[in-house]
Amino acid sequence: MTAPASGASDGLRFGYGTNGFANHRLDDALAVIADLGYVGVALTLDHDHLDPFAPELARRVDAVRRRLSELGLAVVIETGARYLLDRWHKHAPTLLHDDAALRVEFLRRAVTIGADLGAEAVSFWAGVRPEAVPPTLAWDRLLAGCTRVVEAADRAGVTLGFEPEPGMLVEDIADWRRLYADLGAPACLGITLDIGHCRCLESLPVPDCVREVGAHLVNVQIDDMRRGVHEHLEFGQGEIDFPPVLAALREVDYRGLVAVELPRHSHAAPAVAARSLDHLRRATAASTAGAAERADPPEDLPTRRAGMTRTCGDEGAATGDNHSRNTSQA
């Protein structure tokens with residue numbers, strides 16, 4: 001199949017997450033993602049997608065490396081598999097549990113795989129604090145676990161992206177900044193920013209969230225979302241205006257992958273992935289056109305600017321809403 005036009009658009013590089021292709025073999029998922037025109041993949045290590053605990057790992061990693069090269073796909077490593085480590089409990093154990101050894105080992109293996117694949121980043125998160133674990137102890141455990149992962153990444157020359165996740169111990173940008181500071185601002189540690197999460201719970205408008213962390217941004221996940229509801233939606237089904245978001249990514253000179261994150265859409269993965277890339281291309285064109293208009297403003301600029309201010313103000317006002325957080329998508 002001849003690939004469509006490139007998924008790189010005006011400096012932005014679009015990818016798709018394999019957690020949205022859970023019903024495909026990994027090799028087939030990579031082929032579809034490349035054939036659609038994406039230039040990268042966010043590879044969630046999971047049972048059928050390069051399981052880091054299955055036999056002959058080195059051989060399988062090498063096969064994936066060669067396949068990525070053949071397809072011209074860049075890669076980031078994601079570590080959010082739900083039942084890879086515990087068949088009964090989603091995401092367990094995390095770095096916050098009494099025995100976090102298996103999670104630390106998993107993340108170390110993810111770092112090694114990332115190094116072998118030439119991954120642009122390895123992404124991970126804190127986990128939900130168990131009820132029996134006091135907040136202070138949970139934070140101490142998080143710091144201890146992250147320190148070990150950072151040490152492994154530093155030795156391997158791998159960039160880490162820590163993702164704030166709604167409902168987890170580190171759920172927003174402010175929490176990430178605290179973690180980053182408490183770890184001593186490691187050079188290899190940046191932030192993974194999920195655009196939908198910004199709309200879900202951050203106080204700033206989404207484009208301002210991008211600007212807020214631009215200097216530390218190493219990995220971007222993109223999806224639509226509604227205020228106060230942690231549900232990853234297809235573009236156009238939530239509340240996010242994407243052209244300003246993409247413009248903000250260009251403004252901060254972000255060069256990494258912008259990978260679609262739709263983990264509940266595997267039942268229609270090829271169609272959803274195709275629609276997603278079409279939407280991102282249209283949004284990119286709109287953001288570029290908007291930038292051109294601002295660079296060469298029309299004579300009725302005061303009227304147009306007033307309208308834009310009202311729109312931005314509406315979004316800013318909405319951030320003060322008292323919202324509930326639904327963590328079922330984590």
Side-chain angles (χ1 to χ4, degrees), residues 19 42-47 50-53 57 76-117 119-194 197 213 216-219 221 230 327 330:
N19 61 358
L43 172 55
T44 295
L45 304 178
D46 209 339
H47 298 93
L50 197 53
D51 183 347
F53 295 100
L57 178 60
V76 297
I77 299 297
E78 298 283 353
T79 57
R82 292 184 176 93
Y83 292 98
L84 179 66
L85 307 184
D86 187 322
R87 70 185 61 151
W88 291 102
H89 304 101
K90 184 176 74 173
H91 292 158
T94 71
L95 295 174
L96 314 181
H97 280 82
D98 292 343
D99 185 357
L102 185 57
R103 173 64 56 173
V104 172
E105 177 60 21
F106 170 47
L107 294 176
R108 283 175 167 172
R109 292 187 183 211
V111 166
T112 299
I113 292 169
D116 291 342
L117 294 181
E120 297 181 4
V122 173
S123 185
F124 68 117
W125 35 242
V128 177
R129 179 176 65 84
E131 290 186 8
V133 179
T136 300
L137 177 57
W139 191 260
D140 289 343
R141 288 177 174 180
L142 177 63
L143 290 179
C146 285
T147 296
R148 297 172 71 182
V149 178
V150 165
E151 289 172 351
D154 192 51
R155 288 193 299 268
V158 168
T159 297
L160 296 172
F162 194 99
E163 180 188 3
E165 181 85 24
M168 293 192 178
L169 187 64
V170 175
E171 69 173 356
D172 58 21
I173 292 171
D175 291 338
W176 177 86
R177 288 194 179 281
R178 177 190 173 197
L179 176 66
Y180 182 68
D182 285 1
L183 288 171
C188 68
L189 181 65
I191 187 170
T192 291
L193 190 68
D194 186 302
H197 295 170
V213 300
H216 303 282
L217 195 56
V218 298
N219 185 31
Q221 301 167 351
H230 186 200
T327 61

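Please read all numbers here as calculations on a predicted model, not as lab measurements. Residues take their numbers from the sequence shown, with the count starting at 1.
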In Å and rounded to the nearest 0.5 Å, what is the [atom1] to [atom2] distance from [X] to [Y]?
| X | Y | atom1 | atom2 | result |
| --- | --- | --- | --- | --- |
| Arg178 | Asp172 | CZ | CG | 11.0 Å |
| His230 | Glu165 | NE2 | CD | 4.5 Å |
| Asp140 | Leu96 | CG | CG | 11.0 Å |
| Leu45 | Leu50 | CG | CG | 5.5 Å |
| Asn19 | Asp46 | CG | CG | 8.5 Å |
| Leu193 | Ile173 | CG | CD1 | 5.5 Å |

Worksheet entry | For Leu183, all residues meeting side-chain contact (heavy atoms from CB on, under 4.5 Å), sequence neighbours excluded | Leu143, Cys146, Thr147, Leu179, Pro186, Leu189

Discussion item. Going by the rule side-chain contact (heavy atoms from CB on, under 4.5 Å), which residues pair with Phe53 if we only count those two or more places apart in sequence or in a different chain?
Written reply: Asp51, Leu85, Leu102, Glu105, Phe106, Arg109

Worksheet item: So, for Arg108 and Ala152, which heavy atoms are closest and what is the spacing to 0.1 Å?
Response: CG-CB, 4.2 Å

Fill in: Heavy-atom closest pair, residues Asp86 and Ala92
CB-O, 3.3 Å

Worksheet item: Side chains of Asp182 and Leu142: closer than 4.5 Å at any heavy-atom pair?
Response: no

Worksheet item: Can you tell me if Glu78 and Asn219 form a side-chain donor-acceptor pair at under 3.5 Å?
Response: yes

Item to complete: Determine, for Arg141 against Asp98, whether the closest basic-nitrogen to carboxylate-oxygen distance falls under 4.0 angstrom.
Response: yes

Discussion item. Go through it in stages, so that I can follow the logic: the residues are Val218 and Leu160, the test is side-chain contact (heavy atoms from CB on, under 4.5 Å), and I'd like the CA-CA distance, side-chain angles, deciding distance and then a yes or no.
Written reply: CA-CA 8 Å; Val218 298; Leu160 296 172; over 6 Å; no

Discussion item. One pair to check against side-chain contact (heavy atoms from CB on, under 4.5 Å): Cys188 and Val158. What are the steps and the verdict?
Written reply: CA-CA 7 Å; Cys188 68; Val158 168; over 6 Å; no

Discussion item. Can you classify the ring geometry of Trp125 versus His91 as parallel (below 30°), tilted (30 to 60°) or perpendicular (above 60°)?
Written reply: tilted

Indicate yes or no for a side-chain donor-acceptor contact from [X] to the backbone of [Y] under 3.5 Å, with no hydrogens or angles considered.
| X | Y | answer |
| --- | --- | --- |
| Thr192 | Gly161 | yes |
| Trp176 | Gly190 | yes |
| Arg103 | Pro93 | yes |

Item to complete: I would like to know whether Phe124 and Glu163 meet side-chain contact (heavy atoms from CB on, under 4.5 Å); could you show each step before the answer?
Response: CA-CA 6 Å; Phe124 68 117; Glu163 180 188 3; over 6 Å; no

Practice prompt. Begin with the C-alpha distance, continue with both residues' side-chain angles, and end with the deciding distance and a verdict on side-chain contact (heavy atoms from CB on, under 4.5 Å) for Leu95 and Leu107.
Written response: CA-CA 10 Å; Leu95 295 174; Leu107 294 176; 4.3 Å; yes

Worksheet item: Does NE2 in His89 sit with more than 12 non-hydrogen atoms of other residues, nucleotides or ligands closer than 6.0 Å?
Response: no

Item to complete: Can you establish whether the number of heavy atoms outside Arg148 located under 6.0 Å from its atom CZ is more than 12?
Response: no

